[in-house]
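Just so you know, ligand 1 is whichever comes first in the structure, and atom 1 is the first atom listed for that ligand.
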Amino acid sequence: MIHVKSEKEIELLREPCKIVRDTLSFVGSKIKAGMSTKEVDELVERYIRASGANPSCLGYGGFPASACVSVNETVVHGIPDSQTILKEGDIVSVDVVADKNGYHGDACRTFCIGKIAPETEKLVKVTEECFFKGIEGLKAGTPLYDIGYRVQQYAESFGYGVIRSYTGHGIGREMHEDPSVPNFGRKGTGVRLKAGTVLCIEPMISLGNWRVRLLDDGWGAVTIDGSPAAHYENTVVVREDGVEILTL
Ligand code: MF3
Ligand code: CO
């Protein structure tokens, strides 16, 4: 069941969303070659706690860290560790969820470490553009799967793979609420979204094939063909006349 938020609840959501946004820009200013993914996680945890919020991922379903840090062919849910050292040419997605006022905000950015292969740099740019394609025309009354339809059309026009087994989601008092928001779909299908619906829209796009497998740690998902993947996410509110992006 989709829980439509009141204006009062949306006000409470603003703070965790801003904290997530600021955490990611802080990480973006610090992340560099030579840093371990564990150090990235520590930056995230410290920033969130200093903001008076809690890292929602820590302990969620047993997840052992505050951020998901996913390098190159790891699409999502990478577990940070001290052995994985970032190097020039890597792309790293940092997915951050914070809990404040009893509400969660969720966003992800993919960072480039130093100089990146041009085709990978383009993948990162297009993945961000996929989010903006996905929300184009989105407002109260839009069928849910129009979002994925638009993301998929755009991503596949570059020959990229759209990850199928992970999706966006609703968010609020819970980190994952209904509805599931796939990055693929058929135009004109799915429930018509109501004003006040809060969604995490998060294209996950690979340079090659879209198929993924789970790592032995039970969390990290990697592309089967080893191609790099990018991830870009914001928390948005559906409004009568458009969307409001809370994590930008
Ligand atoms: N933004 C991620 C998601 O929606 C956060 C996952 S936190 C984890 O899936 F604990 F599940 F890893
Ligand atoms: Co999310």
Side-chain angles (χ1 to χ4, degrees), residues 2-3 5 13 16-24 27 37-38 40-45 47-49 53-71 74-81 84 92-100 103-111 127-128 130-131 134-135 144 147-148 151 162-184 197-206 212-222 229-238 243 245-248:
I2 300 178
H3 173 66
K5 273 76 182 171
L13 268 156
C17 286
K18 287 210 172 75
I19 290 168
V20 159
R21 174 199 66 188
D22 294 346
T23 303
L24 285 167
V27 169
T37 54
K38 179 76 191 154
V40 174
D41 180 59
E42 285 162 5
L43 290 177
V44 168
E45 176 163 13
Y47 198 96
I48 290 176
R49 293 202 192 281
N54 288 310
S56 312
C57 290
L58 188 62
Y60 180 87
F63 191 78
S66 297
C68 301
V69 186
S70 307
V71 182
T74 305
V75 183
V76 285
H77 298 170
I79 298 181
D81 73 282
T84 305
V92 193
S93 66
V94 181
D95 192 345
V96 172
V97 192
D99 169 357
K100 175 122 196 203
Y103 285 83
H104 301 271
D106 182 356
C108 177
R109 302 286 179 262
T110 298
F111 299 108
T127 300
E128 178 174 336
C130 279
F131 166 85
I135 64 168
L144 172 62
I147 300 171
V151 170
V162 173
I163 307 306
R164 311 283 204 271
S165 42
Y166 295 86
T167 66
H169 50 91
I171 192 166
R173 287 194 170 276
E174 304 291 334
M175 179 164 77
H176 291 148
E177 296 185 0
D178 284 341
S180 175
V181 186
N183 293 305
F184 55 92
T197 304
V198 181
L199 300 174
C200 292
I201 298 174
E202 45 180 321
M204 290 158 260
I205 309 293
S206 66
V212 300
R213 70 177 170 84
L214 204 57
L215 293 176
D216 288 341
D217 63 24
W219 281 101
V222 296
H231 184 189
Y232 182 88
E233 171 180 26
N234 283 308
T235 301
V236 311
V237 188
V238 178
V243 294
I245 304 172
L246 299 180
T247 47
L248 263 191

Margin query: Quick check on the 6.0 Å ring-centre criterion: do Tyr166 and His77 meet it?
Written below: yes

Check: With distance as the sole test, does Asn183 use its side chain to make a donor-acceptor pair with the main-chain N or O of Glu202 at under 3.5 Å?
Finding: yes

Note to self: Any nitrogen or oxygen of His169, side chain or backbone, less than 3.5 Å from one on ligand 1?
What the structure shows: yes

Notebook entry, point to check: Do the side chain of Ser70 and the main chain of Gly78 share a donor and acceptor less than 3.5 angstrom apart?
Noted result: yes

Note to self: I need the Tyr232 OH to Thr127 OG1 distance, nearest 0.5 Å.
What the structure shows: 11.0 Å

Note to self: Please determine whether Glu233 has a backbone or side-chain N, O or S atom lying under 2.8 Å from the Co ion (ligand 2).
What the structure shows: yes

Next item on the list: Identify, by atom number and element, the atoms of ligand 1 in contact range of His176, meaning under 4.0 Å from any of its heavy atoms.
Entry: 3 (C), 4 (O), 9 (O)

Item checked: Close-contact set for ligand 1 against Glu202 heavy atoms, below 4.0 Å -> 4 (O)

Next item on the list: Examine His176 together with Tyr60 and report whether their ring centres are nearer than 6.0 Å.
Entry: yes

Margin query: Keeping Asp99 on the side-chain end and His104 on the backbone end, is there a donor-acceptor pair under 3.5 Å?
Written below: no

Margin query: Quick check for you: with the Co ion (ligand 2) as the vertex, what angle do NE2 of His169 and OE2 of Glu202 span, to 10°?
Written below: 80°

Next item on the list: Measure the distances from the heavy atoms of Cys68 to every atom of ligand 1 and state whether one is below 4.0 angstrom.
Entry: yes

Next item on the list: Flag Asp95 as yes when one of its N or O atoms lies below 3.5 Å from any N or O atom of ligand 1, and as no otherwise.
Entry: yes

Note to self: Checking the side chain of Thr235 only, and the main-chain atoms of Asp106 only, is there a donor and an acceptor separated by less than 3.5 Å?
What the structure shows: yes

Notebook entry, point to check: What are the atoms of ligand 1, with element, lying closer than 4.0 Å to any heavy atom of Asp106?
Noted result: 1 (N), 4 (O)

Note to self: Is Trp219 close enough to touch ligand 1? Criterion: a residue heavy atom under 4.0 Å from a ligand atom.
What the structure shows: yes

Item checked: Element-labelled atoms of ligand 1 that are located less than 4.0 Å from some non-hydrogen atom of Glu233 -> 1 (N)

Next item on the list: Please work out which of Gly220, Ala107, Cys57 has its closest non-hydrogen atom nearest to atom 7 (S) of ligand 1.
Entry: Cys57

Check: At a 4.0 Å threshold, what atoms of ligand 1 neighbour a non-hydrogen atom of Val97?
Finding: 1 (N), 5 (C)

Note to self: Distance alone, cut at 3.5 Å: any donor-acceptor contact between the side chains of Asn234 and Thr247?
What the structure shows: yes

Item checked: Proximal ligand 1 atoms for Met175, defined as those under 4.0 Å from one of its heavy atoms -> 7 (S)

